[in-house]
Structures are given as structure tokens and as C-alpha cells.
Amino acid sequence: MGEKNEQGSDFVTLDVNAQTFFSSAPPLKDESDIAKKVKDFIAQNGEAIERRRLIGIVCVTSGGTTVPLEQRCVRFIDNFSSGHRGATSTEYFVKAGYAVIFLHRRGTCQPYFRDIPEDSFMEYFELNDELTVNVRQAHMEVMKSSIGNYHASVRGGLLLKLPFTTIFEYLQILRIVATSMDSLGPRGMFYLAAAVSDFYVPWMSMVEHKIQSSSGHLNVSLAPVPKMLSVLRNEWAPRAFCISFKLETDTEILLEKAEMALNKYKMHAVVANELLTRKEQVIVLISGKKITIRRTEEFRDVEDPLIDLLVQNHLEFAKQLQSNGSA
Ligand code: PMT
């Protein structure tokens, strides 16, 4: 932004589709509260980065966005994402020396909770007498480590959780986070693992009330969601280290599509994964290489070596930018 046209008004360089998306989106609830939380988190951890106590701040996006079909939403379009990738990666980023802004879909997998399955949560505890609840011995080790790591990251001020549900909330919060993280220069990182809807119903063309089934066939017209990767790279946080994901169900086109995303959106890395094998293997396109990372006996989670690789590359990137004086 900032250039002037002949009449002296500002040229708005923001992609016109992105602009339309934001200007027509329903206002974000608690926007000022979210912006303050983000600002305070960045200020506090930014100091720790300067004192070299932290490597950087990473925004991890996680889970799927919904697309409402009615303004007073009863029905919506959703996707498969469980949020496991984002939650697991968050744990490894904290361990590696990052503060994490965890932008996640409400109700999806959370960092430090993934070892405690929802359906058997009650099985982890027993009533000792009328007043005390104990953790069952068999689950003690898992609970101790999960609870310990959770409290350490929260008490240390290293984890800020921001929930979203709809595509409107997700992109508006991402914009707040990204424009605030710009101040971190190359010490900021984006790890975009969320499964973002590709199509949506624009707010203005959405019906207000519950769609009536008595009307027979339902035809819904979906508009493409503007790709925000280029806006993020070019406008919101141009000096940050950006990693996007590519998900396909057809192996044949996965790498081709990942390569396209790398070049088109000028990502620093693209993590390519297939739906069915996503927990076992990913291929990282980075610095002109394609690196396959697998879950092995040594690594319980594929995210362990994945985050390690990304952190090494991020450090190299930040060092280079700082020594060029462009940080
Ligand atoms: O959550 P899990 O069950 O653990 O699964 C993890 C995962 C498979 C969801 C994750 O590893 C993953 O691949 N996430 C990206 C899925 C996806 O939306 O892929 P895509 O090819 O549609 O989008 C590519 C990239 O563009 C993504 O980084 C996305 O954040 C971004 N995007 C997408 C649409 C859009 N309008 N704007 C975007 O910026």
C-alpha cells in the first residue's frame, strides 16, 4: 500500500478479491480483544527473542474452516481436518525454542491433549472418596507429561490459542496476526497447516434464515475464496518465513501442485502430504530440494523431524537476512 495515483489517493495494492472478501465479511466478534492479546504476546516474546532466549514466534494454523450456508447459521460445509498436524507441530515448536500463536478450529485437537482420547477421557480418572479424584495408575505417566508440558508452555507465556470456526473468522484473525507479526521481521514464521475452504458463500448473497427443506432441490452458488498466501507474503508479513501445505488424494499430481504453490506464492517451503498417509510421511520442498520425512521407530511423530528441518532452515534464513541488513 502507500503509492499514490494521479488524483493523489492511495493505490490499494491488496488483491481486489481479497479486498472484496474482507469488506463484505461479517464483523469479527471480539476483534479488539484478539488484537490486544496478539500485540501483548508479540511484545513479551519479542523481548525474549532480542535477549536470545527464544528463536522466534510461529503462527501455526490448524483444523478446517467452515462455510456457513445461512447468516443465522444452522447448516455449514466442513472438511476432514482433525487439527492433529497443527497441535503436534505446536508441541515440537515450543520444544525447539519458539513461542506459538495457535490459530485453530474450535473443538479440534489441542497441543498436549492428543494423548488423552476424548472418548475414554473419564477412564483416566477414578473417584477415591467423596472428595478426591485420582488419575488411574495406568495413565499416570501420560498425564504427568502432558499436564507438565502444557503448564510449562502456558506459564512461560509461550502459547497463545486463538479459536476460529468459519472461513470469515479464520482469514480476519490471520490478517490481525500477520500484520502484527511483521514487526518481528525474519524471526516470524507462518506454518499454514489449516485446511482452508476453497469455496464459500459471500455474506451478502447468503440467506438470513434457515433454508427450508420444503423448497425442494437446493442450489447453492459458491464463490472461490481468494488465495491469501500471496497477500500474506507480499503485504501482511513480507519478511517472515512462510511454510504452506499441499494436500492431495492423488499421488500423481501432489508434487506438481506443491511445486506450483512454492513458485506461485513464493513460499520458503511447501509440505506436501497425501490424505491417507499424512501421519506417516510428508515431502518437504525446500531450498531446491525435495526431502521425504517418515515416521520411524526413532520418531514417534512425523512432525518431530519435520519441525527440526524447518527450524534449521528458518535459522539459516534469519541469519542471512540479518547479515544482509534487510531484517
Ligand atoms: O488436521 P489433520 O487431520 O492432522 O490433517 C493435516 C492436513 C492434511 C490438513 C495438513 O497437513 C494440510 O495439508 N493442510 C493444508 C490442507 C489444504 O487446505 O491444502 P490446499 O491444497 O487446499 O491449500 C494449500 C495452502 O493454501 C494451505 O497452506 C492453506 O492454508 C492455503 N490456503 C488455502 C485456501 C485459501 N483460500 N487460502 C489459502 O491461503
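From a predicted model like this one, the values you see are computed outputs, not experimental measurements. Just so you know, ligand 1 is whichever comes first in the structure, and atom 1 is the first atom listed for that ligand. In this chain, numbering begins with 1 at the start of the sequence shown.
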Distance-only check: which donor-acceptor pairs under 3.5 Å involve side-chain atoms of residues 155-165, not counting sequence neighbours?
unit_1: Lys161; atom_1: NZ; unit_2: Gln110; atom_2: OE1; d: 2.9
unit_1: Thr165; atom_1: OG1; unit_2: Arg106; atom_2: NH1; d: 2.8

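For CZ of Arg53, the number of neighbouring non-hydrogen atoms (other residues, nucleotides, ligands) closer than 6.0 Å is 12 at most. By the 6.0 Å contact criterion, CD on Glu50 is open, its count of non-hydrogen atoms from other residues, nucleotides or ligands being 12 or less.
Protein residues having at least one heavy atom under 4.0 Å from any atom of ligand 1 are Phe80, Ser81, Ser82, Gly83, His84, Arg85, Leu192, Ala193, Ala194, Ala195, Val196, Ser197, Asp198, Val225, Pro226, Lys227, Met228, Leu229, Ser244, Phe245, Lys246, Leu247, Asn273, Arg278, listed by chain and number.
Between His104 and Phe102, the ring-plane angle classifies as parallel under the 30° and 60° cut-offs. Between Tyr150 and Phe113, the angle of the ring planes goes over 60°, which puts this pair in the perpendicular group of the 30/60° scheme.
In this structure, Lys210 does not pair ionically with Glu70, as no charged nitrogen and carboxylate oxygen lie closer than 4.0 Å.
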